[in-house]
Structures are given as C-alpha cells and as structure tokens.
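Residue numbering restarts at 1 for every chain, and letters A, B, ... go by the order of the sequence lines.
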2 protein chains.
Amino acid sequence: MPVPLYQAKAEFFRTLGHPVRIRVLELLQDGPRPVRELLAEIEVEPSNLSQQLAVLRRTQLVTATREGNTVVYALSTPDVADLLRAARRILTELITDQGALLTELRAAGGRPAR
Amino acid sequence: MPVPLYQAKAEFFRTLGHPVRIRVLELLQDGPRPVRELLAEIEVEPSNLSQQLAVLRRTQLVTATREGNTVVYALSTPDVADLLRAARRILTELITDQGALLTELRAAGGRPAR
DNA sequence: GCGACAGATGAAGATTTCTTCAAGTCGTCA
DNA sequence: TGACGACTTGAAGAAATCTTCATCTGTCGC
C-alpha cells in the first residue's frame with residue numbers, strides 16, 4: 001500500500017471541508033457551469049474561487065474545460081452527488097437530534113447540561 | 001439561517017478529515033468498542049487518540065459510555081456507515097480512473113503529463 | 001484512604017490551510 | 001498587434017489544526 005487507504009480517505013474528506021468548495025460541488029450537481037456563474041452565486045473573490053477550484057481539480061473531483069472565452073467546470077463523477085446526499089442525511093439527523101435534546105432539556109426545566 | 005448550511009457541511013467533512021478519526025469510525029462500524037481496543041488497532045498515543053475522540057464526540061458522530069473501568073465508544077447513527085461507503089465508492093473510482101489514465105499514458109509512450 | 005490504571009483535558013509549539021494581492025496566461029476583438 | 005476580459009498562479013501573512021507533554025479525574029482493588 002503506497003499511501004494507506006485511511007489516509008487517502010482523510011485527505012479526500014478534507015478536500016470537502018471548505019464552504020466554498022462545498023457550494024461549488026452543490027452547484028455542479030445540476031450540471032456543468034462556467035466560472036462566471038459560480039462567481040455570481042458564491043460570494044468570494046475571483047482569485048479565491050480559483051484557488052478552491054484548483055483544489056477540487058487536483059483531487060479529480062471536478063474537471064475544467066476551456067470554451068473560448070470562459071472555463072466550464074463539471075463534476076467528474078455523479079457519485080459525488082450521492083456522497084453529498086448521504087452527508088445531508090446525517091447532518092439533518094444530527095441537527096434534529098440536537099433540537100430534540102434541546103427541547104427535552106427545556107421541558108425538564110434544566111439548565112444547560114454539564 | 002443561524003449557521004449557513006454549507007458551512008455546517010464543510011465543518012462536518014473537516015471532522016472526517018483526519019486519518020485517526022477515519023479509522024475510529026471504520027472500527028466502530030462493526031459495533032461499539034472500548035478505547036483500549038481502538039488504541040490497540042490504531043498506532044497513536046493515548047492522549048492523541050483521546051483528542052480525536054473528543055472531536056468526534058463534539059460533532060455528535062460518536063457517543064461515549066463509561067462501563068466501570070473502561071469507556072466504550074459507538075457510532076451515534078448507522079448513517080455514518082453509509083457515508084463511509086459512499087466515500088469509498090468515489091475514492092475507488094477516482095483511483096482506478098487515475099490508474100487507467102496512467103496506463104494509457106504509458107501505452108502512448110508519453111512522459112508524465114504536465 | 002492509597003496506589004495504580006484508563007482516559008480526558010489544557011496549553012504551547014509545529015504544521016497546514018486560508019485569504020489576499022500582485023502578476024501572469026490565454027482568448028477575443030478591434 | 002495591442003488592449004481587454006476571464007481566469008489562474010505564486011507568494012506571504014493570518015488563522016486554524018495537530019501533536020505532544022504535563023496534569024487531572026474517575027475506578028478498582030487493597
């Protein structure tokens with residue numbers, strides 16, 4: 001094993017661990033988009049967006065194609081969408097659980113635990 | 001929106017972005033385990049493992065229960081396993097694609113691209 | 001109560017990752 | 001050809017994350 005698998009996984013998740021990168025991936029779920037459009041929807045400076053796109057390119061999560069004047073980005077595999085869906089599911093669950101716990105605590109008249 | 005959703009997602013993925021934490025989650029997929037066992041399977045100092053477990057606890061991905069002498073950790077939801085599976089799928093695909101590309105390049109007699 | 005484990009926590013220096021700014025590349029159109 | 005628009009790249013300071021070490025808490029057996 002050249003690079004331990006669990007380390008590759010960790011790196012992979014770290015790639016997803018950035019708000020701008022997540023937004024890009026979510027936007028690309030609906031199909032390819034030129035940088036210009038990404039830029040219009042994400043509040044960030046062009047050079048910063050470019051840096052984040054570079055990270056996504058390096059890890060092969062997206063592909064970039066020059067089309068004349070502009071550059072179009074796309075997900076390199078639709079599996080990414082599955083992953084984001086799975087993440088959303090967990091996140092939703094964690095958040096509602098937290099909410100439920102909070103409600104329970106308040107109902108019990110308790111002060112914040114611990 | 002208190003915390004933008006895409007930021008919560010990013011934080012969530014960042015939590016997964018550490019080799020030790022990934023290994024812990026994978027070990028816990030097969031069921032709850034005491035720290036002692038985790039420590040035996042992961043090469044890391046006790047205090048470091050503890051730090052990483054604390055991160056996982058903070059994000060509610062795992063739960064800890066004291067059982068007399070030892071502390072037992074468990075996944076807080078089986079969805080985590082799904083997520084890891086989805087990640088594994090993408091990773092496998094990316095890696096085989098890379099491998100295929102490499103083979104292709106070599107077959108074409110090319111020197112390493114770029 | 002004491003001593004010995006099993007873990008957790010706090011703090012600080014070492015690393016990584018982010019953001020930003022200046023400069024660079026590649027097309028397009030006059 | 002030259003100027004401009006659309007991105008990209010490199011570099012450096014700022015900020016977040018890691019690792020490690022010393023210390024602390026909770027259990028058990030004596």
Side-chain angles (χ1 to χ4, degrees), chain A residues 3-4 6-25 27-28 32-74 76 113-114, chain B residues 3-4 6-25 27-28 32-74 76 113-114:
Chain A
V3 173
Y6 51 84
Q7 178 151 355
K9 283 186 200 168
E11 278 169 28
F12 173 74
F13 282 121
R14 241 185 294 140
T15 304
L16 301 178
H18 189 289
V20 169
R21 298 198 289 263
I22 284 286
R23 292 203 75 186
V24 168
L25 293 178
L27 289 171
L28 293 184
R33 278 162 180 272
V35 173
R36 179 171 23 82
E37 280 183 27
L38 298 175
L39 208 45
E41 308 219 34
I42 308 177
E43 291 177 347
V44 69
E45 311 183 33
S47 71
N48 195 341
L49 178 59
S50 234
Q51 298 271 15
Q52 307 311 332
L53 288 173
V55 174
L56 292 174
R57 250 180 300 146
R58 248 175 258 138
T59 50
Q60 316 265 323
L61 281 173
V62 305
T63 59
T65 326
R66 175 142 227 150
E67 289 193 5
N69 215 354
T70 70
V71 177
V72 176
Y73 278 84
S76 60
R114 224 252 193 251
Chain B
V3 173
Y6 50 85
Q7 178 151 353
K9 282 185 200 168
E11 277 168 30
F12 174 72
F13 281 122
R14 240 183 296 140
T15 305
L16 301 179
H18 189 290
V20 170
R21 296 197 292 262
I22 284 286
R23 292 204 76 185
V24 168
L25 293 177
L27 289 171
L28 293 184
R33 278 162 179 273
V35 173
R36 178 171 26 81
E37 280 184 28
L38 298 175
L39 208 44
E41 307 219 35
I42 307 176
E43 292 177 346
V44 68
E45 310 182 35
S47 73
N48 195 340
L49 179 60
S50 233
Q51 297 272 15
Q52 308 311 335
L53 288 174
V55 173
L56 292 173
R57 250 181 298 142
R58 249 174 258 139
T59 50
Q60 316 266 323
L61 281 173
V62 305
T63 58
T65 326
R66 177 142 227 148
E67 289 192 5
N69 215 354
T70 70
V71 177
V72 176
Y73 279 82
S76 58
R114 226 269 211 215

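- Taking atom CZ of A:Arg58 as the reference point, atom P of D:dT8 lies 12 Å away to the nearest angstrom.
- Separating the CG atom of B:Leu53 from the P atom of C:dT9 is a distance of 10 Å, rounded to the nearest angstrom.
- The side-chain heavy atoms of A:Thr15 and A:Val55, taken from C-beta on, include a pair separated by under 4.5 Å.
- Rounded to whole Å, the distance from CD on B:Glu11 to P on C:dT17 is 17 Å.
- The shortest distance between side-chain heavy atoms of B:Leu16 and A:Leu16 does not fall below 4.5 Å.
- Inter-residue side-chain proximity for B:Val24 and B:Gln52 is flagged as unmet; no heavy-atom pair is nearer than 4.5 Å.
- For A:Ala64 and A:Arg14, each mapped to the nucleotide of DNA chain D holding its nearest heavy atom, the one lying further toward the 5' end belongs to A:Ala64.
- Atom P of nucleotide D:dA6 and atom CZ of A:Arg33 are separated by 18 Å, given to the nearest angstrom.
- One interatomic measurement links the two molecules: CG of B:Leu56 to P of C:dA8, which rounds to 12 Å at whole-angstrom precision.
- Atom-to-atom, CZ of A:Arg36 to C1' of D:dT8 comes out at 17 Å; the value is rounded to the nearest Å.
- No donor-acceptor pair under 3.5 Å is formed between the side chain of A:Arg21 and the backbone N or O of A:Leu56.
- For the pair A:Leu61/A:Phe12, a side-chain contact is recorded, criterion being any heavy-atom separation below 4.5 Å from C-beta on.
- Between B:Ala54 and A:Val55, it is B:Ala54 whose nearest contact on DNA chain C lies nearer the 5' terminus.
- To the nearest angstrom, C1' of D:dC7 lies 14 Å from CD of A:Glu67.
- Checking A:Arg57, A:Glu37, A:Arg33 one by one against A:Tyr73, the side chain to side chain donor-acceptor pair (under 3.5 Å) holds for a single residue, A:Arg57.
- Here C:dC18 is the nucleotide among C:dA8, C:dC18, D:dT8 with the atom lying nearest to any side-chain atom of A:Arg21.
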Between the protein and nucleotides 19-26 of chain D, are there any N/O to N/O pairs under 3.5 Å, and if so, what are the atom names and distances?
residue, atom, partner, partner atom, Å
D:dT19, OP2, B:His18, NE2, 2.9
D:dT20, OP2, B:Glu45, OE2, 3.2
D:dT20, O4, B:Gln51, NE2, 2.8
D:dC21, N4, B:Ser47, OG, 3.2

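- Applying the 4.0 Å criterion to OP1 and OP2 of D:dA6, one finds that A:Tyr73 has every side-chain N and O outside that range.
- Within the 4.5 Å cutoff, no side-chain heavy atoms of B:Leu53 are placed close to those of B:Val20.
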